[in-house]
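To start, the structure itself, in structure tokens.
Heavy-atom basis, side chains included; hydrogens, waters and symmetry copies ignored. The chains referred to below are lettered A, B, ... by the order of the sequence lines, with proteins before strands, and numbering in each begins at 1.
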Protein chains: 2
Amino acid sequence: MEFKEAKNKFVQSWGALGSQWGINKTMAQIHALLMISTEAVSMEEIMEELQISRGNASMNLRALMDWGIVYKEHKPGERKEFFIAEKDLDELAVKIAKERSKREIKPALKVLKEVSTIKTNKSEEEKHFVEQTGKLYDFVLKADNVLDKVTEYKDNWLAKLVVKIMK
Amino acid sequence: MEFKEAKNKFVQSWGALGSQWGINKTMAQIHALLMISTEAVSMEEIMEELQISRGNASMNLRALMDWGIVYKEHKPGERKEFFIAEKDLDELAVKIAKERSKREIKPALKVLKEVSTIKTNKSEEEKHFVEQTGKLYDFVLKADNVLDKVTEYKDNWLAKLVVKIMK
DNA sequence: TTAAACTTTCAAAAAAAAATGAAAGTTTAT
DNA sequence: ATAAACTTTCATTTTTTTTTGAAAGTTTAA
């Protein structure tokens with residue numbers, strides 16, 4: 001396989017993987033592109049490479065920056081903006097984990113807490129509901145805490161986790 | 001909050017959470033419904049409760065069964081089929097993890113291996129591509145292995161992990 | 001065997017999500 | 001101040017995903 005083909009395959013696959021995990025395909029593709037670029041990349045280049053519109057590029061770059069995994073960079077003498085990705089994988093994973101926790105897990109926990117603490121009458125149905133959502137709350141909370149803890153390690157958390165788990 | 005409201009809130013929220021993680025909303029809602037039901041539930045009841053068509057119910061139940069987290073049940077004397085969810089949360093997490101690994105992570109690893117092992121010329125660009133995708137391969141492989149290991153514990157893996165991590 | 005009671009399939013419709021592109025907005029150099 | 005060089009916004013269009021519902025398929029009871 002030659003470079004151009006490999007690059008294309010990587011960008012496409014990363015986009016597809018993103019979709020499967022609830023991330024907009026183009027957003028994942030832009031991220032892939034920036035991950036493998038040595039240099040900061042302009043919007044122009046991104047549009048060209050992925051064959052997307054200016055609006056699309058702009059909005060997805062904004063989203064990537066909101067996630068904290070892509071940064072703007074200004075080149076001296078250049079008027080336009082360039083973009084660069086967080087390339088450290090530990091850092092990347094930590095940021096994604098924190099963001100998904102904040103945006104999705106925390107709100108879900110809030111709902112689980114609410115619904116699992118309703119006053120019930122003595123019916124089996126209601127008792128089981130409270131029990132099951134309560135267990136779910138505990139489980140998700142525990143998982144979220146592990147995520148928190150693990151991301152505190154900051155550097156090389158996955159490698160350290162591997163050591164702990166595997167032994 | 002009264003029971004009916006809580007139940008509805010739970011089902012809706014579980015559906016929304018599913019969407020954000022790449023799982024069809026209706027599929028997640030059906031799963032939520034089955035999770036909190038004491039009894040096995042018929043397709044008829046699911047259609048009624050979620051206001052969805054027969055085809056939709058049928059297809060999403062099939063998908064849930066393919067994931068191995070919902071089972072068919074036959075009640076004696078009854079002609080129609082009833083459905084019941086895996087309610088043990090450790091078991092549920094293990095199944096989801098294994099399935100996502102098989103369907104999504106393994107294929108992504110295959111691509112990463114392919115593209116990270118191309119023959120490169122001496123250009124910075126190509127060297128960086130191989131290096132970066134190589135690192136990504138190692139990272140994803142390690143994460144997938146942790147998932148494997150953790151799901152081998154089978155019972156109460158999350159609780160055990162909490163102990164390991166927190167200490 | 002047949003017909004009633006179910007379930008599945010899949011082409012078509014509907015809904016949801018993403019992308020476009022041009023106008024509006026912003027910044028910078030002169 | 002203004003105009004060139006950019007970026008953002010958002011109503012509209014396009015694409016993708018999901019849902020529908022009716023026909024085809026299956027199973028069971030009589």
query = Tell me: CD of B:E44 to P of C:dA5, nearest whole Å?
reply = 12 Å
query = Do A:R79 and C:dT27 share a donor-acceptor pair, side chain to base, under 3.5 Å?
reply = yes
query = Which residue, B:M65 or A:G55, contacts DNA chain C at a nucleotide closer to its 5' end, judged by nearest heavy atom?
reply = B:M65
query = Between B:R54 and C:dT7, does any side-chain N or O lie under 4.0 Å from OP1 or OP2?
reply = yes
task = Report the nucleotide, chosen from D:dT8, D:dC10, C:dT9, that has the shortest atom-to-atom distance to any side-chain atom of A:M43.
result = D:dT8
request  = Report yes if at least one side-chain N or O of A:N56 is closer than 4.0 Å to OP1 or OP2 of C:dG21; otherwise report no.
outcome  = no
Rounded distance (Å) that lies between atom C1' of D:dT8 and atom CD1 of A:I52 = 14 Å
inquiry  = Which residue is it: B:E99, B:K95, B:R62? I am looking for the one with a side chain to side chain contact (heavy atoms under 4.5 Å, CB included) to B:W67.
reply    = B:E99
remark   = Taking for A:K25 and for B:E78 the nucleotide of DNA chain C with the nearest heavy atom, the one nearer the 5' end belongs to B:E78
key: Candidates D:dA4, C:dT9, D:dG21 - which lies nearest the side chain of B:S58   = C:dT9
message = Counting only side-chain nitrogens and oxygens, does B:N60 get under 4.0 Å of the OP1 or OP2 atom of D:dT18?
response = no
task = Indicate yes or no: does A:D138 engage A:K142 in a salt bridge with an N to O separation below 4.0 Å.
result = no
task = Give the rounded distance in Å between these two atoms: NE2 of A:H74 and C1' of C:dT27.
result = 10 Å
ask   = Between C:dT8, C:dT20, D:dC6, which nucleotide gets closest to the side-chain atoms of A:K80?
value = D:dC6
task = Applying side-chain contact (heavy atoms from CB on, under 4.5 Å), run through B:N145 and A:V162 and close with a yes or a no.
result = CA-CA 8 Å; B:N145 282 339; A:V162 170; over 6 Å; no
key: Spacing between B:L61 atom CG and C:dC6 atom P, to the nearest angstrom   = 16 Å
message = Quick check for you: to the nearest 0.5 Å, what is the distance between B:M1 atom CE and B:K9 atom NZ?
response = 5.0 Å
request  = Using whole Å, report how far CD of B:Q51 lies from C1' of D:dT18.
outcome  = 17 Å
request  = For D:dT8, take OP1 and OP2 only and decide whether either is under 4.0 Å from a side-chain N or O of A:K72.
outcome  = yes
task = May I have the distance from A:R62 (atom CZ) to C:dA19 (atom C1'), rounded to whole angstrom?
result = 18 Å
ask   = In whole angstrom, what separates A:L64's CG from C:dA18's C1'?
value = 15 Å
query = Between D:dT7, C:dA18, D:dT18, which one does the side chain of A:N24 approach most closely?
reply = C:dA18
message = How many whole angstroms separate atom CZ of B:F83 from atom P of C:dC6?
response = 13 Å
task = For the residue pair A:E39 and A:F82, establish whether any side-chain heavy-atom pair is separated by less than 4.5 Å.
result = no
